[in-house]
Amino acid sequence: MDAKESPRIVLCVGGGIAAYKSIEVLRRLVDSGYHVVPVLSAAARRFVGELTFSALGSEPAKIDLFDDTDPIPHTHLGRSADLVVVAPATADLISKIAHGSADDLVSATLLATRAPIVVAPAMHDEMWSNPAVRRNISMLRNDGIFVVDPSEGRLAGGDHGNGRMAEPWVIASYARSILSPRRVDLRSRRILVTAGGTREAIDPVRFVGNSSSGKQGFALASVAAAWGAEVELVSTVDGLAGFPGISVTKVVSASEMHEATLDLVSEMDIVLMAAAVADFRPSQSATEKFKREGRSEWHVDLVANDDILADLVRRRRDGSVVVGFAAETSDLVEHAQEKLQRKQLDMIVANDVSVEGAGFDGDTNVVVIVTADGSRADLPKLEKSTVAEYVLEKAYSLLPSR
Ligand code: CTP
């Protein structure tokens, strides 16, 4: 990202112990190429030093509404921002935002901006579940503010509960997704994503599988959640557990994935079948480890797995959008179009896994998006999260309007 064109993020830091984690949020955002201006509340400075934020930020940390040479720092900060991130957002700061207070630089900047706002609350669980905080949080949501829900875990003073600020990488991932020019409103939409390669057991220690990393599925799930969707992720690989807005079901084999997705499909607005499902499984799975016992050959019989996607299409809800993925090594678009028709999909995302920068394990992908209504988009090599943005934007455009 060119420094001059970098989107500007104002990072507002509230006064809570999680302020130490916002140093890491700052570092991640700067490393991603954003121009980040830290703003610390008076209470934040009791937990962390402004020098740290000045040293890591794109500009020195701002701390006061009045001590600056700029007579109206809050309006300049608010106006120039492309995104404002509040991390940690204390119960008090959340109340101020909900009620429009502006008695310090942080709250005044938040009131003076028209940029999207991402709020990452952090507090003790008694406070997080308090009706006043619940009311304030729903006011924030109704005002279009993005809330990165806290998770369960260790809290200040050795306590444990629900109120621990989301991890820095999660907040940075939300920030990136919300800044995307392709963002669509997925609030109150339910999205099913499958990810990873299935493993078909031969015996307790061996399996038939593939090298899918699940990264494209994870990118789809995390962007969709940041855009407001309620995401069901059915995955063979660990990851994204605790990511706000995503409920994870871990599976191993194609038949487990089949069962888990069939239970969910009738309630989904969008289905994104990014998993690499094994087409075949061993006809028998031994309960004991197979012994070599001097053999020079071993033949494993395989039988076909059910086509999960075909079944999901049969049970889909009216008006939902079903998207398939195709990893090919030749005749990419021809194969993708054939699968789109054969499986009666609304859209297919095809990639040629033999191309540099595309495929299973990397962080980038090169895809072609083909829709049933005849549109085709050939995307260049992009990060998997950017590919996810294009896929979600297109899938959203195929939903019937509400
Ligand atoms: N798929 C599925 N169930 C299967 C196999 C594949 O749901 N048993 C899904 C994949 O998740 C993907 C799409 O179908 O979204 C296309 O997968 P692919 O393996 O490319 O398609 P196949 O129909 O198996 O064709 P091929 O002969 O190329 O393997």
Side-chain angles (χ1 to χ4, degrees), residues 191-201 207-221 224 231-237 249-266 268 270-283 285 302-316 320-355 358-361 365-372 384 387-388 390-392 394-395 398:
I191 300 188
L192 171 62
V193 181
T194 63
T198 63
R199 290 179 169 200
E200 315 298 324
F207 59 86
V208 175
N210 59 70
S211 48
S212 169
S213 62
K215 283 182 181 174
Q216 188 60 71
F218 285 179
L220 288 159
V231 178
E232 293 285 349
L233 174 65
V234 177
S235 175
T236 62
V237 243
T249 305
K250 179 84 189 289
V251 293
V252 177
S253 64
S255 75
E256 285 176 19
M257 182 170 281
H258 197 173
E259 202 180 313
T261 51
L262 277 188
D263 281 351
L264 294 162
V265 67
S266 62
M268 296 296 137
I270 299 175
V271 175
L272 302 164
M273 192 73 197
V277 182
D279 285 321
F280 296 92
R281 67 174 186 278
S283 57
S285 166
L302 301 176
V303 292
N305 274 328
D306 290 337
D307 187 328
I308 302 176
L309 202 42
D311 237 359
L312 297 183
V313 166
R314 278 193 281 277
R315 307 208 190 180
R316 65 193 290 173
S320 61
V321 172
V322 181
V323 182
F325 288 72
E328 307 289 348
T329 49
S330 65
D331 302 321
L332 180 65
V333 175
E334 291 72 17
H335 282 135
Q337 258 153 354
E338 182 275 318
K339 279 175 196 172
L340 180 84
Q341 278 165 10
R342 172 163 50 90
K343 300 193 184 215
Q344 295 185 296
L345 308 173
D346 300 295
M347 182 170 138
I348 192 151
V349 182
N351 62 349
D352 184 339
V353 284
S354 62
V355 166
F360 278 166
D361 201 27
N365 213 348
V366 187
V367 306
V368 181
I369 302 177
V370 181
T371 59
K384 285 185 172 167
V387 170
Y390 277 100
V391 171
L392 286 163
K394 191 72 200 171
L398 300 176

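Counting starts at 1 for both ligands and their atoms, following the listed order. Quick note: residue numbers are just sequence positions, from 1.
Annotation: Ala276 places no N or O atom under 3.5 Å from an N or O atom of ligand 1; distance criterion only. Considering backbone and side-chain atoms together, Phe325 places an N or O closer than 3.5 Å to an N or O of ligand 1. For ligand 1, the polar-atom distance check finds an N/O of Ile308 within less than 3.5 Å of one of the ligand's N/O atoms. At least one N or O atom of Asp279, backbone or side chain, sits closer than 3.5 Å to an N or O atom of ligand 1.
Near Asp306, with a cut-off below 4.0 Å to any heavy atom, the atoms of ligand 1 are 3 (N), 4 (C), 8 (N). Counting the atoms of ligand 1 from 1 in the order shown, those under 4.0 Å from a heavy atom of Arg342 are 23 (O), 25 (O). Listed by atom number, the atoms of ligand 1 under 4.0 Å from Asp307 heavy atoms are 2 (C), 3 (N), 4 (C), 7 (O), 8 (N). Of all atoms in ligand 1, numbered sequentially from 1 with element shown, those under 4.0 Å from a heavy atom of Leu309 are 2 (C), 7 (O), 9 (C), 13 (C), 14 (O), 15 (O). Contact atoms of ligand 1 toward Gly324: 15 (O) (distance under 4.0 Å to a heavy atom of the residue).
Taking CG of Asp311 as the start and NE2 of His258 as the end, the distance is 3.5 Å to the nearest 0.5 Å.
When all heavy atoms of Ala260 and Val251 are compared, the closest pair comes out as CB-CG1, 4.1 Å. The two residues Ser235 and Val237 come nearest to each other via the heavy atoms OG-O, 2.8 Å. Nearest heavy atoms, Val366 versus Asn351: O-CB, 3.2 Å.
For atom 11 (O) of ligand 1, a protein non-hydrogen atom is found at a distance below 4.0 Å.
Here the side chain of Asn305 pairs a donor or acceptor atom with the backbone of Ala278 at under 3.5 angstrom. Within the 3.5 Å criterion, the main-chain N or O of Ala274 finds a donor-acceptor partner in the side chain of Thr194. For the pair Thr236 (side chain) and Thr198 (backbone), a donor-acceptor distance under 3.5 Å is absent. Asp307 places a side-chain N or O within donor-acceptor distance of the main-chain N or O of Leu309, the cut-off being under 3.5 Å.
Using a non-hydrogen distance threshold of 4.0 Å, Ala275 registers as a contact of ligand 1.
Which of Lys339, His335, Met273, Lys343 comes nearest to atom 14 (O) of ligand 1 through a heavy atom is settled by distance: it is Lys343.
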